[in-house]
Amino acid sequence: MGARSSAAESVSASGFNAGLDMPRSYYAATAAPFGERPCLFGAASADLLVVGGGATGLSAAYHAARAGLKVAVLEGGRIGWGASGRNGGQMITGLRQSPGQLVARFGRDMARDLFALTVEGRQLMADLIARHGIACDFKDSGHLTAAVRDADLVWMAEEAETLAGVMDYPHCRVIGPADIGDEVASPLYRGGLLDERGAHLHPLNYTLGLAAAAQQAGVRLYEGSPVLSLEDGPGGVRAVTGQGVLTARHAVLACDALINGLDADLAARIMPVASYIAATEPLGERAQALIPKDRAVADTLFSLHYFRLSADRRLLFSGGERYFPHHPRHIARAVMRHLPRVFPQLAGVRAEYGWGGMVSVTTTRLPHFGRRGNLFFAHGYSGEGVILSTLAGKLLAEAACGTIGGFDLFARIAPPKFPGGTRLRMPLYVLGMLWFALKDRLG
Ligand SMILES: Cc1cc2nc3c(=O)[nH]c(=O)nc-3n(C[C@H](O)[C@H](O)[C@H](O)COP(=O)(O)OP(=O)(O)OC[C@H]3O[C@@H](n4cnc5c(N)ncnc54)[C@H](O)[C@@H]3O)c2cc1C
C-alpha cells in the first residue's frame, strides 16, 4: 500500500466534528424519522467506499449503486451531521465567482459549460426529490441577491446580461429601488438580482431522503464509523475505523470542511469557516410580510446576511460569519444581534434555535475536484454547496465508473493551496477576512 494518512489525532482532539456538537437545530427538531444505521464492525469490502454521509457522499453512493457498483458509506457521526444537515437551504445556481469572472478567467465556452453543469445540478435535485418523494419543503420560489449599495445594481445589470447572453440563462432580472419592497421588507436594501430558478428546502430532510434513496439502491450505510486512516495502493483502498476495516477498489472522499487530519493535501486546499443560523419563533401572518414571495435571500455584504422562511413560518436568519477558531457561547443570541439591521420591525421576536456549521472555502472560491490514485474527491464549494454537493456526487460516481466529462471539467479548475502551510494559513486568512469585514462596516 502507498500513501497513508491518519485522522486519529483530530478525531480525539476535536470530538471529531470540528468542535461543534450536533446542534439542537430547527432542522434536527423537525427531521423526518430516520433510524440509526449500524457502525462498521469487523472486515467488509465494496467496489466503492464513500467517506462522508453528507449530500456529496450520498449522491455519489446513490449514483454509483444505480450504475451497478457495490457501495458502502462510512459516516463518522450521523447521516447529515455536517453542513448538509445544517445549512441555509438556499439553492443557488452557479458558482461563487460571478458569470463575468468565470468568462474572464476561463473564456466563454468553458465558463458556459461550467455554469450549465450547475443548472443541471439544480434539475438533478428537483428530479431526485420528485422521483423519491423526498418531503423536504422544497420551494421553487426564487433566490434574491439583495443589494446593500446602489453601485451593486450596476454589476447586477451586467451579470443579468452575461447570464442571458453568454450562459443561456434568461431567468435573472434586476429589481430596482421602486420594487425591492415587494421582495423583502427591509430598509437595508436598494434593489437586487432575482433568479427565478432559485429555490430553498429543508436540507436535513433532503439529505436523509437522499440517504434512504441510496439505501434502496443497495448502498450500505454505516454511522458512528469515522475513518481513522486510509491507505491507497495498486490493489485498491483500505479504510480503518475504530472497530472495522473496509477494503474497496476505489474511494470517494466527501468530508468537505471536516476532512481534518484524514488527508493533509486536501485539508490544505480549504479553509473551514464557521457560519451560524438562528430560527425565530413561528411568525404567523407577519412572516409573509417580510418576504412576500417566499424567496431565499442573501445580501451583498462581505460578511453577509442570508435568510428565508421555513415551512412553519419562522425566519431562518444568518448574520455574522466568524473567522476565529472558537464559537460563540450562545449562538442564537450572537446571530440575533444582526437582525435589527435587516428587519427592525422584528424587535422583541425570540429565537428558538441557534446552531452553526463549517463552510469550506477555497482560495479561488471555486470547488476542488480531483483524483489521486484510487481516490476521487470533491469539496470546497465556498458557501454555495447545496446544489454543487449533489451534482458533485453524481460526477464523482461517473468518474469512479470511468466517465470523466463533467468531473474533468471541474478538475481542470482546481484551486491552489492556501499560502503559509497549515500553521500560517489561518492567521493570514483571518487578517484578510477582517479587512473585508471592516470594509463592510465602513461602507
Ligand atoms: C451554516 C451553513 C450554511 C450554509 N448555507 C448554504 C446555503 O444556504 N446554500 C448553499 O448552497 N450552501 C450552503 N452551505 C454550504 C453547504 O452546506 C455545503 O457546501 C455542503 O453541504 C457540503 O456537503 P458535503 O456533503 O460535501 O459535506 P458535509 O455535509 O459537511 O458532509 C461531510 C461528512 O463527512 C463526515 N466525515 C468527515 N470526516 C470523516 C471521516 N474521517 N470519516 C467518516 N466521516 C467523516 C462528516 O461527519 C460529515 O457528515 C452552508 C454551510 C453551512 C455550514
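Start at 1 and go down the list; that is how both ligands and their atoms are numbered. Because the structure is predicted, anything quoted here is derived from the model rather than measured. We're numbering straight along the sequence, starting at 1.
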Next item on the list: Name the option, out of Asn87, Asn260, Val227, that contains the heavy atom nearest to atom 4 (C) of ligand 1.
Entry: Asn87

Next item on the list: Just let me know how Tyr306 lines up against ligand 1, side chain, backbone, both or neither, with a heavy-atom cut-off below 4.0 Å.
Entry: side chain

Margin query: Heavy atoms only, cut-off 4.0 Å: how does Leu74 contact ligand 1, side chain, backbone, both, or neither?
Written below: backbone

Item checked: Salt-bridge criterion met for Glu75 and Arg37 (N-O under 4.0 Å) -> no

Next item on the list: Using distance alone, decide if ligand 1 has a nitrogen or oxygen within less than 3.5 Å of any nitrogen or oxygen in Arg86.
Entry: no

Note to self: Which of the numbered atoms in ligand 1 are under 4.0 angstrom from any heavy atom belonging to Cys255?
What the structure shows: 32 (C), 34 (O), 37 (C), 38 (N), 39 (C)

Next item on the list: Apply the test salt bridge (Lys or Arg N to Asp or Glu O under 4.0 Å) to residues Asp140 and Arg122: give CA-CA distance (whole Å), side-chain angles for both, the deciding distance (0.1 Å), then the verdict.
Entry: CA-CA 11 Å; Asp140 212 353; Arg122 185 230 184 264; 2.3 Å; yes

Item checked: Residue-ligand contact Ile259/ligand 1, heavy atom below 4.0 Å -> no

Check: Are Cys401 and Leu69 side-chain neighbours, meaning at least one heavy-atom pair lies under 4.5 Å?
Finding: yes

Notebook entry, point to check: By number and element, which atoms of ligand 1 are closer than 4.0 Å to a non-hydrogen atom of Gly54?
Noted result: 25 (O), 29 (O), 31 (O)

Note to self: Can you confirm whether Met358 sits close enough to Leu258 that some side-chain heavy atom of one is under 4.5 Å from a side-chain heavy atom of the other?
What the structure shows: yes

Checklist line | Side-chain donor-acceptor pair present, Asn87, Tyr206, cut-off under 3.5 Å | finding: no

Note to self: Checking the N or O distance criterion of under 3.5 Å, is ligand 1 in contact with Gly356?
What the structure shows: no

Note to self: Are Phe343 and Phe307, when compared by the centres of their aromatic rings, separated by less than 6.0 Å?
What the structure shows: yes

Margin query: Taking 4.0 angstrom as the limit and counting only heavy atoms of Gly88, give me the atoms of ligand 1 inside it, by number and element.
Written below: 3 (C), 4 (C), 5 (N), 6 (C), 7 (C), 8 (O)

Note to self: With nothing but distance in play, are any N or O atoms of Arg78 less than 3.5 Å from an N or O of ligand 1?
What the structure shows: no

Check: Arg308 side chain to Gly88 main-chain N or O, any donor-acceptor pair under 3.5 Å?
Finding: yes

Notebook entry, point to check: Would you say ligand 1 has an N or O under 3.5 Å from any N or O of Ile277?
Noted result: no

Notebook entry, point to check: Looking only at heavy atoms of His379, does any of them come nearer than 4.0 Å to an atom of ligand 1?
Noted result: no

Item checked: Backbone or side-chain N or O of Gly385 under 3.5 Å from ligand 1 N or O -> yes

Next item on the list: Say whether Glu75, considering both its backbone and side-chain N or O atoms, lies within less than 3.5 Å of an N or O atom on ligand 1.
Entry: yes

Margin query: Tell me whether ligand 1 is touched by Gly383 - counting only heavy atoms on the residue side and a distance under 4.0 Å.
Written below: yes

Next item on the list: Check each atom of ligand 1 against the heavy atoms of Leu258 and keep those under 4.0 Å away; list them by number with element.
Entry: 37 (C), 38 (N), 46 (C), 48 (C)

Next item on the list: For Gly85 and Tyr27, work out which heavy atoms get closest and say how close.
Entry: O-CD1, 3.5 Å

Margin query: Measuring from atom 21 (O) of ligand 1, which candidate in Gly82, Ser84, Ser229, Ala257 has the nearest non-hydrogen atom?
Written below: Ser84

Checklist line | Donor-acceptor side-chain pairing of Asp299 and Tyr189 below 3.5 angstrom | finding: yes

Next item on the list: Can you sort out which atoms of ligand 1 are near Gly357, meaning under 4.0 Å from one of its heavy atoms?
Entry: 53 (C)

Check: Is the backbone of Ala248 close enough, under 3.5 Å, to the side chain of Asn374 for a donor and an acceptor to pair up by distance?
Finding: no

Next item on the list: Compute the centroid of each ring, for His132 and then for Tyr62, and state whether the two points are separated by less than 6.0 Å.
Entry: yes

Item checked: Tyr222 side chain to Thr241 side chain, donor-acceptor N/O pair below 3.5 angstrom -> no

Margin query: For the CD1 atom of Ile79 and the CD atom of Gln215, what is their distance to the nearest 0.5 Å?
Written below: 8.5 Å

Check: With backbone taken as N, CA, C and O and side chain as the heavy atoms from C-beta onward, which portion of Met358 lies under 4.0 Å from ligand 1: side chain, backbone, both, or neither?
Finding: backbone

Next item on the list: Between Pro272, Ala83, Ala239, flag the one that comes closest to atom 28 (P) of ligand 1 by a heavy atom.
Entry: Ala83

Check: Which atoms from ligand 1 have a heavy atom of Gly89 less than 4.0 Å away?
Finding: 8 (O)

Note to self: I'd like to check which ligand 1 atoms, numbered from 1 as shown, lie under 4.0 Å from a non-hydrogen atom of Ala254.
What the structure shows: 32 (C), 33 (C), 34 (O)

Next item on the list: Could you list the atoms of ligand 1 found under 4.0 angstrom from a heavy atom of Val51?
Entry: 40 (C), 42 (N), 43 (C)

Note to self: If the test is side chain to side chain contact (heavy atoms under 4.5 Å, CB included), which one of Thr363, Ile259, Val361 qualifies with Ile270?
What the structure shows: Ile259

